[in-house]
Amino acid sequence: MELQHKVILLLLLLFHLLLVSAQTDSRDYSGLTSLTQSWTNKPQSWVGTDPCGSNWDGIRCTSSRITQLKLPGLNLGGQLSSAIQSLTELDTLDLSYNPGLTGKIPPEIGNLKKLKSLALVGCGFSGPIPDSIGSLKQLTFLALNSNKFSGNIPRSLGNLSNINWLDLAENQLEGPIPVSDDQGRPGLDLLLEAQHFHMGSNKLTGTIPSKLFNSSMKLEHVLFDSNQLQGTIPSSISLVSTLEVMRFDRNKLSGGLPLNFKNLGKLSELYLAHNNFNSSLPDLTGMNSLTYVDLSNNSFNSSDIPSWVSSLPELTTAILGDNLLSGTLNLSNGYSNNLQLINLVDNSITALQPNKVPNFQLILANNPICLENGVSQLSYCKVPQVIPAYSTPPNNCSPASCSSNQISSPNCKCSFPYTGLLISRALSFSNYSNTSYYKDLEQTLLDTFHKQNVPVDSVSLSNPFRNSTSDNFQLTLDVFPSQTDRFNTTGVLTIAFLLSNQIYKPPEFFSPYIFKGDAYGFYGGEPGSKSSNTGIIVGVVVAVSVLVVLALLAGIYAIRQKRNARRSSELNPFVNWEQNKNSGTAPQLKGARWFSFEELKKYTNNFSESNTVGSGGYGKVYQGVLASGELVAIKRAAQESMQGAVEFKTEIELLSRVHHKNLVGLVGFCYEKGEQMLVYEYIANGTVMDSLSGKSGIWMDWVRRLKVALGAARGLAYLHELANPPIIHRDIKSSNILLDNHLNAKVADFGLSKLLVDSERGHVTTQVKGTMGYLDPEYYMTQQLTEKSDVYSFGVLMLELVTARRPIEQGKYIVREVMRVMDTSKDLYNLHSILDQTIIKATRPKGLEKFVLLAMRCVKEYAADRPTMAEVVKEIENIIGHAGLNPNSESATTSETYEEASGVNVQHPYGDEDFSYSGVFPSTRVEPQ
Ligand SMILES: *[C@@H]1O[C@H](CO)[C@@H](O)[C@H](O)[C@H]1NC(C)=O
Ligand SMILES: *[C@@H]1O[C@H](CO)[C@@H](O)[C@H](O)[C@H]1NC(C)=O
Ligand SMILES: *[C@@H]1O[C@H](CO)[C@@H](O)[C@H](O)[C@H]1NC(C)=O
Ligand SMILES: *[C@@H]1O[C@H](CO)[C@@H](O)[C@H](O)[C@H]1NC(C)=O
Ligand SMILES: *[C@@H]1O[C@H](CO)[C@@H](O)[C@H](O)[C@H]1NC(C)=O
Ligand SMILES: *[C@@H]1O[C@H](CO)[C@@H](O)[C@H](O)[C@H]1NC(C)=O
């Protein structure tokens, strides 16, 4: 145990060493910690507490604020919690290709007002796309494709006036395409900067609104394929003169092409297959940019094939199979050099002029012309093409024979490539034997990687495949590393980001594309694995790993807890609460009021920012004024820190029964509209921490500090001994002791307490929760929680009161420091150097030695050696009594300002910090969710 204690102290110490030079804004650090707490597969470089200062993979900062979170392709697991909202300076968020990221997108994402790029491609997210995304006014790039989002396309997206790329494809979105209406509600027609509407492979219904398109738009790619849209294509689309790719295939559209369709002079790819179009074949003459037209599997009817099919100058491909086309295909006036394929399978073509095989691929199978005897041997009567195999050939070398999972690159080096599928959503060629297309792709990919300084040796493409469900064309992409045989995390992130964010621009014939990255399992060369052999650094790594593992375990436990909670909340005990407060299901309340959501909303000015008085992992605390004029503090649980209904009910029943003058009283609660809020009395004079730091301007003399310690001890003793069932606070610290108008101490935040309900009164095993510096090492090691854990934290608080130092400051742990300099044979136990100078300046602090001795007993290593809180109360009462004071007097005389009492020139021990006290603590809080 002695050794373990030392390890813990070392751990705390070293952990803090890393904090001292932190460049990262503490809000961002704590936000990131809370966000990623339960994530799996985090990068190995995420060591320490300073993401900005120590180059964490995937994180970029600008003057200490986290501005970019680029984590695609890491195989991360977990959820996107509302803690994301803490990263308020974020401009880029990319979590693509992490299928283990699941659950809903929290509405709080709407608070990231500076976000310009949001990419969540190919993850496991589900539920609705939150409306609040529409408030991200700076957004230019939004890719939510290939998830499991359901519900409607939120009309609020119409508010994204800067959006350029909007990709919602391959989800389960349903309902109509939203357009603005006369009630002033927004819709996609307002997106005048958008060049990309990619909405394919969803379940959208209704007609295509005429209002969706007009001449002010800059749309280049309009993809609504594989939905359930009905009606006709509105003629307004002819006004979008920038249009290059149009996909409405695989819907239930009918009629024909709209008027003035030929105005779309830049249209290159037209995909209308698998609909119910029933007009005559459209006249596309003059649309000289067309390269690829697929009108197959409709009811287009024509007697004779129009000449544009063979004469349009850029056209490579005309797919007109499965229609009602008859008559003659006339090629006697020649045909374009660029033609690669005319597919007329399953029609009623009777003649070909001139009757000879052209030098492009012609398919007339299942037409009368091919049903006569003898002609079935003609090449154009054969069943359609298959795509020839392709794989990037070696680059003038012989492939190496590689061991295990390594692959020989085109340059014949064995390595572990990063892989994925490169998918064209609108291919504009059909001659798959012409490998120059593949060569072009390979070269442009390589150029992009080299330009971005990614250490890439070569790329290879293979397995060309046309997916008949979506008509997308896919290739397997292998990216091979140079220098080493594998990419490190940085390499993978960079490659994945270039592809997820469309920074790689493919040749026109492949555009638009998407990439779906595979998990990469061959990391090597991460920092830490080859760090220097000095004991300290090894120590840090070991210590931090222990912490990470513990945090992870805590996270897993929390998830399990939450699952249990969710299960039990299904038996909603609140059903009849509001209507029938006296029924058996209503909680047994003593004095605590029920508040409606609307009431609390009103009292807090709509939960406005200006009413916020605190926030943390659990959510936010708002100041409110009740109708009676009473001031209250309203603690509003964040979505992910909510308890099950049963637990919440138990908790408020308990809290409403806890009444003590040294405990912050519960006024009421709200459980409505998916909210859990606790309403507490408002305590005016801030926290002990703010007082000691000089932040609140309230200076406490020595006697006041003794009384504060006594008050807090009495509150705690009550929780331990008199509350039924007993309550262990678990997070005693100076920021949880509040000061009322008379500077009496009130213990706060026991709303998160773990009840001692276990059958065997003694200890409960639970996830480690608490705050670094105050944590009982025994509890930390064993996870056996007893009241003595609170006693430990209380001992640390006592040391804080005499030193006005934080528990961990500049790498020094207060308990260790006091032990180090303490000498009971000397005056003031030789503590002059670490005592708060403001209390020893004026008069001799009476009883200080005894107070310190008591504190040191509270922080004894073995819980059994520590006093109980009731004993602590008695001892402090004695100390105060010996000092000639009445422990029960409630004088308010010491409410002086810091300057008045201590003199302006005294440098306050907290005052010269370059980072704020309150900022450091939440970041080191070990608390699941
Ligand atoms: C769109 O923005 C306007 C103006 O900022 C705002 O009033 C409106 O509520 C927003 N609409 C939606 C649906 O978000
Ligand atoms: C296009 O639509 C937008 C939004 O409906 C509107 O503000 C704009 O005036 C329209 N432009 C034209 C030329 O009709
Ligand atoms: C095409 O189909 C639509 C819907 O089925 C029908 O209303 C319309 O009359 C048809 N038009 C022609 C020319 O057959
Ligand atoms: C044509 O489309 C229908 C549905 O629209 C589908 O059932 C059928 O299989 C398609 N035919 C071919 C040859 O793809
Ligand atoms: C074809 O595309 C559909 C829709 O995008 C997808 O669900 C399916 O997995 C794809 N098939 C293959 C073999 O990739
Ligand atoms: C990752 O690899 C790149 C290029 O090989 C190298 O410059 C970088 O230092 C590596 N990063 C780490 C964290 O090892």
Side-chain angles (χ1 to χ4, degrees), residues 43-48 51 54-59 74 99 121-122 145-148 167-173 198-203 207 223-227 229-233 247 249-257 271-272 274-282 298-302 323-324 387 415-416 418 420-427 449-450 452-457 463-476 479-495 513-516 518 520 522-531:
Q44 293 175 26
S45 63
W46 288 21
V47 168
S54 47
N55 284 323
W56 284 20
D57 273 317
I59 291 175
L74 295 186
V121 183
N145 46 305
S146 306
N147 281 282
K148 294 176 202 146
D167 197 333
L168 308 177
E170 290 186 55
N171 280 296
Q172 290 153 27
L173 299 172
H198 297 184
M199 322 272 175
S201 296
N202 277 294
K203 297 192 259 180
T207 57
L223 313 180
F224 282 94
D225 49 294
S226 298
N227 279 289
L229 300 170
Q230 289 177 329
T232 58
I233 298 177
R247 281 194 68 167
D249 51 300
R250 294 159 175 81
N251 279 287
K252 298 175 181 166
L253 299 171
S254 57
L257 290 189
Y271 283 68
L272 299 176
H274 298 265
N275 277 291
N276 305 322
F277 289 110
N278 54 356
S279 66
S280 60
L281 209 56
N298 278 291
S299 301
F300 285 115
N301 47 74
S302 277
N323 274 296
L324 307 172
I387 297 178
S415 59
F416 298 102
Y418 174 65
L421 287 181
L422 194 64
I423 301 171
S424 170
R425 281 180 173 160
L427 199 66
F449 296 141
H450 286 164
Q452 303 283 338
N453 296 321
V454 197
V456 168
D457 166 78
N463 304 323
F465 171 74
R466 191 135 196 161
N467 182 331
S468 58
T469 312
S470 58
D471 207 20
N472 289 338
F473 174 73
Q474 71 187 42
L475 288 160
T476 302
V479 184
F480 294 89
S482 63
Q483 295 151 17
T484 51
D485 70 345
R486 64 195 69 196
F487 289 108
N488 58 22
T489 309
T490 319
V492 168
L493 290 179
T494 313
I495 296 168
Y513 78 100
I514 54 159
F515 176 73
K516 294 187 181 173
D518 299 332
Y520 188 72
F522 313 106
Y523 293 111
E526 301 293 350
S529 58
K530 28 172 191 192
S531 56

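Numbers here simply count residues along the sequence, with the first being 1. Order of listing sets the numbers, starting from 1, for every ligand and every atom in it.
- Under a 3.5 Å cut-off, the side chain of N202 and the backbone N or O of L173 do form a donor-acceptor pair.
- Note that R247 lies in the cation-pi zone of Y271, set by a 6.0 Å cut-off to the ring centre and a 45° limit from the axis.
- The nearest protein atom to atom 14 (O) of ligand 3, hydrogens excluded, is given as N278 ND2, 3.3 Å; this is a heavy-atom distance.
- Taking atom 13 (C) of ligand 5 as the reference point, the nearest protein heavy-atom neighbour is F465 CE2, 3.7 Å.
- Within the 4.5 Å cutoff, the side chain of F473 has no heavy atoms near those of the I423 side chain.
- Between atom 8 (C) of ligand 6 and the options N55, T490, V492, N488, the minimum heavy-atom separation is to N488.
- Set against the non-hydrogen atoms of Q483, the atoms of ligand 6 under 4.0 Å away are 5 (O).
- Compare N467, N472, T469, D471 by their heavy atoms: the one nearest to atom 6 (C) of ligand 5 is in N467.
- Contact analysis puts P455 in contact with ligand 6, with a non-hydrogen atom separation below 4.0 angstrom.
- One side chain, D57 or S45, offers a donor N or O that lies under 3.5 Å from an acceptor on the other.
- No side-chain heavy atom of L427 sits less than 4.5 Å from a side-chain heavy atom of Y513.
- Taking each heavy atom of L253 and Q230 in turn, the nearest pair found is CD2-O, 3.4 Å.
- The protein heavy-atom contact nearest to atom 4 (C) of ligand 3 is S254 OG, 3.7 Å.
- Inside a 4.0 Å radius of atom 2 (O) of ligand 5 there is at least one protein heavy atom.
- In summary, the atoms of ligand 5 found under 4.0 Å from a heavy atom of E170, numbered by their order in the structure, are 5 (O).
- K148 and E170 are not joined by a salt bridge, as no carboxylate oxygen comes within less than 4.0 angstrom of a charged side-chain nitrogen.
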